[in-house]
2 protein chains.
Amino acid sequence: MARPPLTRDEVLAAAAALVKEHGPQALTMRGLAAELGTAVTSIYWHVGNRESLLDALVERTVADLGEIRPRGATPQERVVSVARTLRRQLRDRPHLVAMVHERGLTERMFLPAQQALVHEVHAAGLRGTRAAEAVRAVQFQVVGHVLVERNRERAPVQRPGEEDLWGAPDTAAEDDRALARALAAPVDPERLFTTSVRALVNSLLASGT
Amino acid sequence: MARPPLTRDEVLAAAAALVKEHGPQALTMRGLAAELGTAVTSIYWHVGNRESLLDALVERTVADLGEIRPRGATPQERVVSVARTLRRQLRDRPHLVAMVHERGLTERMFLPAQQALVHEVHAAGLRGTRAAEAVRAVQFQVVGHVLVERNRERAPVQRPGEEDLWGAPDTAAEDDRALARALAAPVDPERLFTTSVRALVNSLLASGT
DNA sequence: ACCTGAACACCGTTCAAGT
DNA sequence: ACCTGAACACCGTTCAAGT
């Protein structure tokens with residue numbers, strides 16, 4: 001009744017499944033061993049230790065991140081489309097993105113998108129330092145937005161929430177009920193993301209033409 | 001030789017010191033007890049458990065976050081100054097910001113800044129939904145940037161780094177050596193931050209005048 | 001080359017018992 | 001009201017011993 005010999009790939013696959021479903025804190029060496037039907041110590045032979053297991057996981061999924069195909073008529077539109085695609089890719093793998101982030105591989109993960117951005121910014125007429133700054137501004141903007149967004153989802157109930165904070169009178173917005181109401185309403189992240197990126201991109205690319 | 005009776009404040013202070021110095025993972029109940037010269041279980045009497053201890057710590061430091069005084073002649077400048085002040089405040093407490101973030105209290109922490117932003121955006125002529133969107137765009141931008149920045153600092157050595165990635169020929173930037181060089185150079189986060197915020201703010205506030 | 005159980009040094013938390 | 005040690009159920013990791 002002995003199981004077939006354990007392989008490194010098998011370990012990685014099981015670990016990836018655990019992380020994808022329940023997050024990295026759910027990946028314990030003992031739990032993983034139970035999942036695989038082996039002794040805990042066998043895992044150590046194949047992957048070294050927990051730390052390098054996570055490293056391998058992150059490595060593997062960074063490599064999995066797909067190509068980015070810019071869409072749209074103008075460089076502005078294409079940059080925005082790259083940003084939106086990237087946001088979607090990151091949002092699809094919340095736990096893994098967090099792990100990539102923690103391990104400082106955000107840079108690497110972002111490379112395909114960065115190359116696309118370089119191309120578009122160049123097409124918009126930006127050169128040299130200015131172009132590099134525009135690319136990085138967009139890069140920081142997208143990654144930052146996704147991080148903030150994830151945080152909001154993980155902590156859906158704020159105490160007190162913006163509703164309470166802005167529902168009360170005697171605030172700076174008291175003479176603008178529409179503003180107060182808008183701030184009390186929940187954020188629409190998709191919309192806010194697009195608005196922000198568009199605003200940033202319009203401003204950054206304006207200096208190229 | 002008995003120590004004076006333990007107080008909740010004493011526990012919080014010692015815990016805060018540990019976290020500030022070495023991060024939350026360095027805060028173990030046993031280590032804290034050793035620091036305080038009591039039994040581990042005494043701590044439980046005062047703060048419940050580790051989770052609510054961290055909650056209390058976060059609560060306390062969110063309350064500590066100071067006022068924000070906008071500076072500058074135009075609303076644009078004042079919004080940028082708010083953003084820069086906020087960035088500095090967040091950067092001064094890296095571990096605690098991360099904890100606030102993890103606990104989903106980013107909203108609350110951001111409130112003083114948000115009120116200042118509302119005031120400035122209003123002064124710039126924005127109203128209602130539009131004003132709210134501008135405020136939130138800046139908010140997300142700042143918090144996101146700080147998060148990305150922190151990540152970069154924690155993982156100073158990227159493998160491979162952007163230098164290697166952009167130093168090689170045959171990239172999209174191969175006809176623009178200045179661009180390739182700029183992307184291979186390390187990021188100046190302060191400068192990038194100011195550039196980005198300025199670009200975003202200019203674009204957002206333009207529609208108000 | 002690959003797997004194993006025992007053991008070590010850690011965790012957070014509970015609880016009955018003290019004063 | 002406050003403190004204590006013992007105990008429980010977890011961790012990750014090492015290592016000598018097996019095949």
Side-chain angles (χ1 to χ4, degrees), chain A residues 1-60 95-96 98-100 102-104 154-155, chain B residues 1-60 95-96 98-100 102-104 154-155:
Chain A
M1 247 347 31
R3 66 183 311 297
L6 195 61
T7 67
R8 183 184 155 86
D9 273 0
E10 206 179 340
V11 174
L12 290 183
L18 272 175
V19 169
K20 213 164 188 180
E21 194 103 21
H22 304 105
Q25 95 290 347
L27 174 60
T28 69
M29 301 304 266
R30 285 173 153 91
L32 184 56
E35 195 84 14
L36 289 164
T38 37
V40 207
T41 42
S42 302
I43 297 174
Y44 281 85
W45 197 90
H46 286 284
V47 298
N49 55 23
R50 187 173 186 273
E51 201 58 15
S52 46
L53 170 56
L54 291 178
D55 281 344
L57 239 53
V58 162
E59 200 66 33
R60 163 175 290 214
H95 292 312
L96 285 164
M99 282 172 57
V100 171
E102 273 159 27
R103 268 135 221 288
R154 260 188 310 175
Chain B
M1 249 339 43
R3 67 182 311 295
L6 195 61
T7 67
R8 182 183 156 88
D9 273 2
E10 206 179 340
V11 174
L12 290 183
L18 272 175
V19 169
K20 213 163 190 180
E21 195 100 22
H22 304 105
Q25 94 290 349
L27 174 60
T28 70
M29 301 303 267
R30 286 174 153 90
L32 185 55
E35 196 83 14
L36 289 164
T38 38
V40 205
T41 41
S42 301
I43 298 174
Y44 281 85
W45 198 91
H46 285 284
V47 298
N49 56 22
R50 187 173 186 273
E51 201 59 13
S52 47
L53 170 57
L54 291 179
D55 281 344
L57 239 54
V58 163
E59 200 67 32
R60 164 176 288 214
H95 292 310
L96 285 163
M99 282 173 57
V100 170
E102 272 159 26
R103 268 136 220 285
R154 261 188 308 174

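Note that the coordinates shown come from a computational prediction; the quantities given were computed from them, not determined experimentally. Below, chain A is the first sequence line, B the second, and so on; all start at residue 1.
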CG-CD distance between A/Leu18 and A/Gln25, expressed to the nearest 0.5 angstrom:
10.5 Å
Under a 4.5 Å cut-off applied to non-hydrogen side-chain atoms, are A/Leu12 and A/Leu53 in contact?
yes
In whole Å, I'd like the distance from the CD1 atom of A/Ile43 to the C1' atom of D/dC15.
17 Å
Length of the CD-C1' vector between B/Gln25 and D/dG12, whole Å:
15 Å
In residues 5-22 of chain A, which residues come under 4.0 Å of DNA chain C by heavy atom?
A/Pro5, A/Leu6
Separation of A/Asn49 atom CG from D/dC15 atom P, in whole Å?
13 Å
A/Arg50 CZ to C/dC11 C1', straight-line distance once rounded to whole Å
14 Å
On DNA chain C, check which nucleotide each of A/Arg30 and B/Gly31 is closest to and give me the residue with the more 5' one.
A/Arg30
Of the listed nucleotides D/dT4, D/dT13, D/dC2, the one nearest the side chain of B/Thr38:
D/dT4
Heavy atoms from C-beta onward define the side chain here; which of D/dA1, D/dC15, C/dT13 lies closest to that of A/Thr41?
D/dC15
Could you state the CG-P distance from A/Leu32 to C/dC3, rounded to the nearest angstrom?
13 Å
How long is the span from the OG atom in B/Ser42 to the CE atom in B/Met29, to the nearest 0.5 Å?
10.5 Å
Where A/His46 and A/Val11 come nearest, the two heavy atoms and their spacing
CB-CG2, 4.4 Å
Across all strands, who's sitting opposite D/dA1 as a Watson-Crick or G-U wobble pair, both distances under 3.5 Å?
C/dT19
B/His46 NE2 to D/dC2 P, in whole Å, measures 6 Å
As a test of reading the structure: which of C/dC15, C/dC3, D/dG12 is closest to the side chain of A/Ser42, going by heavy atoms?
C/dC3
CE of A/Met29 versus P of D/dT14: gap in Å, rounded?
10 Å
Starting the side chain at C-beta, find the nucleotide from C/dT13, C/dC2, D/dC11 nearest to A/Trp45.
C/dC2
Considering all heavy atoms of both residues, which atom of B/His95 and which atom of B/Lys20 are nearest to each other, and what is their separation?
CD2-O, 3.5 Å
Is there a donor in the side chain of A/Asp55 and an acceptor in the side chain of A/Ser52, or the other way round, less than 3.5 Å apart?
no
To the nearest 0.5 Å, how far apart are CZ in B/Arg60 and CG in B/Asp9?
5.0 Å
Against the side chain of B/Tyr44, the closest entry in C/dG12, D/dG5, D/dG12 is C/dG12
Under a 3.5 Å cut-off for both distances, is C/dT13 Watson-Crick or wobble paired, and to whom?
D/dA7
